[in-house]
Every structure is written in structure tokens, then in C-alpha cells.
Novice: 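Here it is, the structure, as C-alpha cells.
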Amino acid sequence: MIATSNTVTSSREIVPATKGRARISCIGARSFLLEAPGEFDLPAQRWIWALAQTVKGWTDIAEVIPGMTNLLAIFKQIPEDPELVTGRLLEAWNKAESLDLAGKIIEIPVHYGGPYAIDLPAICDFCGLSDREVVRIHYEASYRVFALGSAPGFGYLHGLDSRIYMPRKTVPSLRMEKGSVTIGGMQTGVAMLTGPNGWNSLGHADLQMFDPASATPALMAPGDTVRFLPARIEL
């Protein structure tokens, strides 16, 4: 599961957040979370992608997990000096140059509206827009996959128009169908599993997004560009 900066807490913080400086926290004994300063945007994510390439080459690293403008570094052994690890990560962060991953273009046909769009009326009320305006704004944008996580193959997508930002639900839907096209805050995505979900559904996609039998199970990968195609609009 990929950590996101608005949900992760830590038991012991090493470096306090300061303007223009990454924040590093302990996540257990062997893991360190570096969070980029500034906004949730593509420039910050490009630095995270570059940092991931550097840290992967360290001989004492077990796993590197790039997240949403953050990076989780998991070490093979419990570091004897956490402050030394913090210094290494900050130095690598400061030296990292912007890296834009050359991803593929993924087109996802969507049935907007209809029985799966259980939250479209609430989105319209919150944004002060008609259902047709919300749908049009959603499919006219292009999105970048920042990271995968939450559920197998789920892509965190950046690029949602601010006019249709919609907060996540305070009480999740108990059963949202797999394939639901959703909005959560300033992000959009496609539900990978049927079950409880706090995002807001405005349509449905039948495209298989995750195949565990495939050599590359997840359709999406960090750096990919996603476009939603209005295959059907039922409002």
C-alpha cells in the first residue's frame, strides 16, 4: 500500500517541516518517509521519481515505494543511526534533478451517469455545476499517474480540474462497484475492487485495470497519461 501525505502518521518524527525542505519521518524501525515540500503537483512528483532512482541503488535498501509527492525507503536492517539515514535522504533529495517518466497513453471508455453514478448529484450540488458540465470537464482533461497503491492496480491521478474538486465522504459508501470512476478531493481514479469507498462516483469503466495472471498485472504505471473517453452519457 502506498502512503499518502494526508493520511500517514508516524510514531517519531526526526526532521520538522520547514519551508523549502523535505520532511522525513520514521515509519516503524526500518522505514523512512520523505515528503516533498510545497503543493501536490507534477514538479514535486518529478523530484520524487528522480529520488527513487537514486535510493534504489543503495546497497542497504530493501524496497523503495514512490507515493504521492512522497517516498518510502525501507532498509534491510534497522539503522544504528537514524539521523545519519535522515542526512543521506536529505542530501539525495537536494541533489535530485527533475525526472519525467516516459509513460504510455491509456484511454479508458466511461459510461457517465446511469446506475453507477451514485454521487453525481452531490458533486453537482457541491460544485454548482450541471451534470453535463461536470462530465464534460472530467473527460476533457488529461491525467498523469503519480503512483499506484490503495488497491492492486489503483492509480492516483493528477490533473483534475479544480472546478470539480469534491471532498471525500465522511461516511464511505458501503458498496461501490469495481470500475466506478470516482473523484476524491483533487484526484480522480477508477475503483479496483467492489466494497467500501469514500470517493464520489460519476460513472463506470468496464476496462480491466488489473490482471494478476499477466506479466505486467497493472494497466497503469507511474508516468502514464490517462484520458477518459465518454463512451456513453446517461443523465
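The residues of the chain are indexed from 1 along the displayed sequence. Only this structure's heavy atoms are used, side chains among them; waters, hydrogens and symmetry mates stay out.
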Novice: In sequence, state the C-alpha distance, the side-chain angles, and the governing distance for H158 and T69, and then conclude on side-chain contact (heavy atoms from CB on, under 4.5 Å).
Specialist: CA-CA 11 Å; H158 175 267; T69 62; over 6 Å; no
Novice: Measuring from L235:CG to C124:SG, what's the distance to the nearest 0.5 Å?
Specialist: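 Those atoms lie 8.0 Å apart.
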Novice: Within the structure provided, determine whether P37 and W47 are in side-chain contact (heavy-atom separation under 4.5 Å).
Specialist: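 A side-chain contact under 4.5 Å is absent here.
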Novice: Taking side-chain hydrogen bond (donor to acceptor under 3.5 Å, both in side chains) as the cut-off, I'd like each qualifying pair that reaches into residues 202-211, sequence neighbours left out, listed once.
Specialist: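 For residues 202-211, and leaving out neighbouring residues, the side-chain hydrogen bond (donor to acceptor under 3.5 Å, both in side chains) pairs sorted by first residue read H204-D206.
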Novice: For residues 133-149, which residue pairs pass the side-chain hydrogen bond (donor to acceptor under 3.5 Å, both in side chains) check, not counting sequence neighbours?
Specialist: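 Matches after skipping sequence neighbours: D100-R144, Y112-H138, S130-E133, R136-E140, H138-T188.
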Novice: With a 4.5 Å heavy-atom cut-off, do V145 and L157 have their side chains touching?
Specialist: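 Sidechains of L157 and V145: in contact.
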Novice: Going through the checks in order, is the side-chain contact (heavy atoms from CB on, under 4.5 Å) test met by N70 and E35?
Specialist: CA-CA 4 Å; N70 63 51; E35 298 175 84; 4.1 Å; yes
Novice: So, the side chain of Q45 versus the backbone of G67: is there a donor-acceptor pair under 3.5 Å, distance only?
Specialist: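 It does hold such a pair.
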Novice: Out of curiosity, does L219 fall in the hydrophobic cluster containing L101 (side-chain heavy atoms, cut-off under 4.5 Å, transitive links)?
Specialist: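 Yes: a chain of side-chain contacts under 4.5 Å links L101 to L219.
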Novice: Looking at CG of L34 and CD1 of I24, how far apart are the two atoms once the value is rounded to the nearest 0.5 Å?
Specialist: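 Answer rounded to 0.5 Å: 4.5 Å.
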Novice: For a 4.5 angstrom cut-off between non-hydrogen side-chain atoms, does R30 reach E63?
Specialist: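 With C-beta onward as the side chain, the pair stays apart.
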Novice: At what distance, to the nearest 0.5 angstrom, does CD1 of I106 lie from CG of L207?
Specialist: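 Here the interatomic distance stands at 8.5 Å.
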Novice: Can you tell me how far CE of M220 sits from CZ of F154, rounded to the nearest 0.5 angstrom?
Specialist: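 So the gap between those two atoms works out to 8.0 Å.
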Novice: Can you tell me if CG on L174 sees more than 12 non-hydrogen neighbours from other groups inside 6.0 Å?
Specialist: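 Open.
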Novice: Side-chain contact test, heavy atoms from C-beta onward, threshold under 4.5 Å: evaluate it for V134 versus M166 and give yes or no.
Specialist: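 No, their side chains stay 4.5 Å or more apart.
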Novice: Could you check whether the rings of F146 and W49 sit parallel, tilted or perpendicular, using 30° and 60° as the cut-offs?
Specialist: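 The arrangement is perpendicular - the two ring planes meet at more than 60°.
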Novice: Kindly compute the distance separating CZ (R46) from CD (E97), expressed to the nearest 0.5 Å.
Specialist: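 One finds 14.0 Å between CZ of R46 and CD of E97.
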Novice: Between the side chain of D125 and the main-chain N/O of I123, is any donor-acceptor distance below 3.5 Å?
Specialist: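 The answer is no, because no donor-acceptor pair under 3.5 Å joins these two groups.
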Novice: For L72 and S31, work out which heavy atoms get closest and say how close.
Specialist: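 Between these two residues, the closest heavy atoms are CD1-CB, 4.0 Å.
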Novice: Any salt bridge (charged side-chain N to carboxylate O under 4.0 Å, His left out) involving residues 154-167? Give me the pairs, sequence neighbours left out, ordered by first then second residue.
Specialist: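 Matches after skipping sequence neighbours: D161-R163.
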Novice: Looking only at heavy atoms, which two atoms of I108 and A205 are closest? And how far apart?
Specialist: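 Looks like CG2-CB, 3.6 Å.
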Novice: Are the side chains of F75 and I61 in touch, meaning some heavy atoms are under 4.5 Å apart?
Specialist: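 Answer yes - side chains close enough.
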Novice: Taking all non-hydrogen atoms of both residues into account, name the closest pair between A96 and A50 and its distance.
Specialist: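 It is CB-CB, 4.2 Å.
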Novice: Which atoms form the tightest heavy-atom contact between P79 and A29, and what is the distance?
Specialist: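 Closest heavy-atom pair between P79 and A29: CD-O, 3.6 Å.
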Novice: Check residues 189-202 and write down every donor-acceptor pair under 3.5 Å in which the side-chain atom is one partner and the other belongs to a residue at least two apart or another chain.
Specialist:
unit_1, atom_1, unit_2, atom_2, d
T194, OG1, K178, N, 2.9
N197, OD1, W199, N, 2.8
N200, ND2, P167, O, 3.0
N200, ND2, I183, O, 3.0
S201, OG, Y116, O, 2.7
S201, OG, G203, O, 3.4

Novice: side-chain hydrogen bond (donor to acceptor under 3.5 Å, both in side chains): which pairs involve residues 71-82, sequence neighbours left out?
Specialist: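 Listed by first then second residue: nothing to list.
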Novice: Mind listing the closest non-hydrogen atom pair of A218 and G153 along with its distance?
Specialist: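 A218 and G153 have their closest heavy atoms at CB-CA, 3.9 Å.
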Novice: What is the distance from atom CD1 of I48 to atom OG of S98, rounded to the nearest 0.5 Å?
Specialist: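 Here the rounded value is 11.5 Å.
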Novice: With the 4.5 Å side-chain cut-off for hydrophobic clustering, are V226 and M186 part of the same group?
Specialist: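 Yes, V226 connects to M186 through the hydrophobic network.
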Novice: If hydrophobic clusters are built from ILVMFWY residues whose side chains come within less than 4.5 Å, do F126 and V181 share one?
Specialist: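 Hydrophobic grouping puts F126 with V181.
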Novice: After noting the C-alpha distance and the side-chain angles of K95 and T54, does the key distance pass the side-chain contact (heavy atoms from CB on, under 4.5 Å) rule?
Specialist: CA-CA 10 Å; K95 290 182 177 180; T54 298; over 6 Å; no
Novice: Ignoring hydrogens, what is the shortest heavy-atom contact between G114 and H111? Give both atom names and the distance.
Specialist: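 Scanning both residues completely, I find the closest heavy atoms to be CA-NE2, 4.2 Å.
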Novice: Evaluate V135 against V110 for side-chain contact (heavy atoms from CB on, under 4.5 Å), listing each step before the verdict.
Specialist: CA-CA 10 Å; V135 167; V110 178; over 6 Å; no
Novice: Could you note down all residue pairs passing salt bridge (charged side-chain N to carboxylate O under 4.0 Å, His left out) where residues 218-235 supplies at least one of them, sequence neighbours left out?
Specialist: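 Non-adjacent pairs meeting salt bridge (charged side-chain N to carboxylate O under 4.0 Å, His left out): K104-D224, R232-E234.
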